[in-house]
Novice: 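One structure, as structure tokens, below. Some questions next.
Quick note on labels: first sequence line is chain A, next is B, and so on, each numbered from 1. Atom set for the values below is all heavy atoms of this structure, side chains included, hydrogens, waters and symmetry mates excluded.
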Number of protein chains: 2
Amino acid sequence: MPAAKPKMSKETLLPLLASHVLTNGLGGASLRPLAKAAGTSDRMLIYHFGNKETLITELLDHIAGIYSAALDAAIGAERPKTRRECFERVMAQGSHPMMQPFMVLWWEIVAGSARGLPGYRDAAEAMIAKQLLWLEGQMPADDPDPAGGARYLLTLMEGTLMLNAVGHEVTARDGIPASGL
Amino acid sequence: MPAAKPKMSKETLLPLLASHVLTNGLGGASLRPLAKAAGTSDRMLIYHFGNKETLITELLDHIAGIYSAALDAAIGAERPKTRRECFERVMAQGSHPMMQPFMVLWWEIVAGSARGLPGYRDAAEAMIAKQLLWLEGQMPADDPDPAGGARYLLTLMEGTLMLNAVGHEVTARDGIPASGL
DNA sequence: CAGAGTATGTAGCACTCGCTACAAAAATAG
DNA sequence: CTATTTTTGTAGCGAGTGCTACATACTCTG
């Protein structure tokens, strides 16, 4: 017998949409390809979400949730000894090929947030807040100021990731002082 | 008599196109609005540039040139005394309202570069390289490692600007250690 | 001035966009 | 089972997309 209908809904649709957006981008996403990736029609996307804007907004929210869950799942076993070690470990994780689609999408979210597109700002804020919290939990146990250190490392990380994104890997690598942090 | 025809060409077109893109964004730019902003028709844009892709590429190159010239025009009179002073001065300049359209566009360029869109990467690379060079020239005169310091400050700056772009101004401000740099 | 090349306007093509009207099927309620 | 509501398919609308065909002007060369 043919596959039974999976009874689609926002909840079943969003993961499929997210997966499509992670590989194909967010800015150029249009209803018909999105629908095809989710096994439906544009007609049904509008039916479930009302219009494209709220679809994107809810999709961004969903993606922020995925990201948050991914961070939760990536808690290191033992705490790093130094801030530098923490930085390097987190950067290694963020540079992992598996995370690359996420990074590519991330800059699109930043761009949308900077331009004030609806939904982007909230998603970006949530993802940064989560990352900050997570980073704070990953700081060395004896760090005198974990919250401040997390903010500092986050700033360095994002600057480094951006330089990587635009092909300045060398600048990014040499931008981190050999000692200090 | 009516205004004489200014004899359009790539060179006369690009500044008008750049101005339109700076306020209206790059991703959603389409030929007809671009042409209208430049006082022409889509027909003529294709005539001069061949197709949209090379138009965007040349436009990005032109915008990188504008940015470079703006940096050249913004050389401080006297050198800062410390790296921190240098950082704060440069950040103040980058946060100036006048520069905001540039910053909004910048993240769009980063996103395009991360996604591998043609032309974006080269423009982003050029702008970062220019900024790095400029920053190096703005470092304190007695800095032991101006090139390394410039890379470090650039990393911090871009991380901070990104946090600003997504509404984490507080995180951005507190992400810079009170002493050290 | 004749002819050649360059520049520009008009109209339109094939396509995609977000979205809707209409109707039929499917599930649910009584 | 009947009646109502929820879910889905088909078809299409009006607008916008990049781009082209064709014809016309303009400008320069001989």
Novice: If Ile, Leu, Val, Met, Phe, Trp and Tyr residues are connected whenever their side-chain heavy atoms lie under 4.5 Å apart, and connections chain through other members, are A/Leu154 and A/Ile75 in the same group?
Specialist: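 Yes, it is one cluster - the side chains of A/Leu154 and A/Ile75 are joined through contacts under 4.5 Å.
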Novice: Pair A/Lys36, A/Asp42 - check salt bridge (charged side-chain N to carboxylate O under 4.0 Å, His left out), show working.
Specialist: CA-CA 8 Å; A/Lys36 195 160 136 191; A/Asp42 56 334; over 6 Å; no
Novice: Under the criterion salt bridge (charged side-chain N to carboxylate O under 4.0 Å, His left out), which of A/Arg89, A/Lys81, A/Arg83 is the partner of A/Glu85?
Specialist: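 With A/Glu85 as partner, salt bridge (charged side-chain N to carboxylate O under 4.0 Å, His left out) holds for just one option, A/Arg89.
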Novice: Does a side chain donor of either A/Glu108 or A/Tyr120 reach within less than 3.5 Å of an acceptor in the other side chain?
Specialist: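 Short answer, no.
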Novice: Okay, side chain of B/Arg151, backbone of B/Pro146: is any donor-acceptor separation there less than 3.5 Å?
Specialist: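 It does not hold such a pair.
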Novice: When you measure from the side chain of A/Asn164 to the backbone of A/Gly167, do you find a donor-acceptor pair of N or O atoms at a distance under 3.5 Å?
Specialist: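 Side chain of A/Asn164 to backbone of A/Gly167, a donor-acceptor pair under 3.5 Å: no, none is there.
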Novice: Could you check how far NZ of B/Lys10 sits from P of C/dA7, rounded to whole Å?
Specialist: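 Taking NZ of B/Lys10 and P of C/dA7, I get 12 Å after rounding.
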Novice: Is there a continuous path of hydrophobic side-chain contacts, each under 4.5 Å between heavy atoms, that joins B/Met162 to A/Val104?
Specialist: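 Per the 4.5 Å side-chain linkage, B/Met162 and A/Val104 are not co-clustered.
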Novice: Please list residues of residues 25-35 of chain A whose heavy atoms come under 4.0 Å from any atom in DNA chain C, ordered by number; otherwise none.
Specialist: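 Output list: A/Ala29, A/Ser30, A/Leu31, A/Arg32.
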Novice: What parts of residues 40-63 of chain B reach DNA chain D, counting only heavy atoms under 4.0 Å away?
Specialist: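 Under 4.0 Å from DNA chain D: B/Asp42, B/Arg43, B/Ile46, B/Asn51, B/Lys52.
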Novice: May I ask you to decide if B/Thr160's main-chain N or O and A/Thr155's side chain share a donor-acceptor pair within less than 3.5 Å?
Specialist: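 No; zero donor-acceptor contacts below 3.5 Å.
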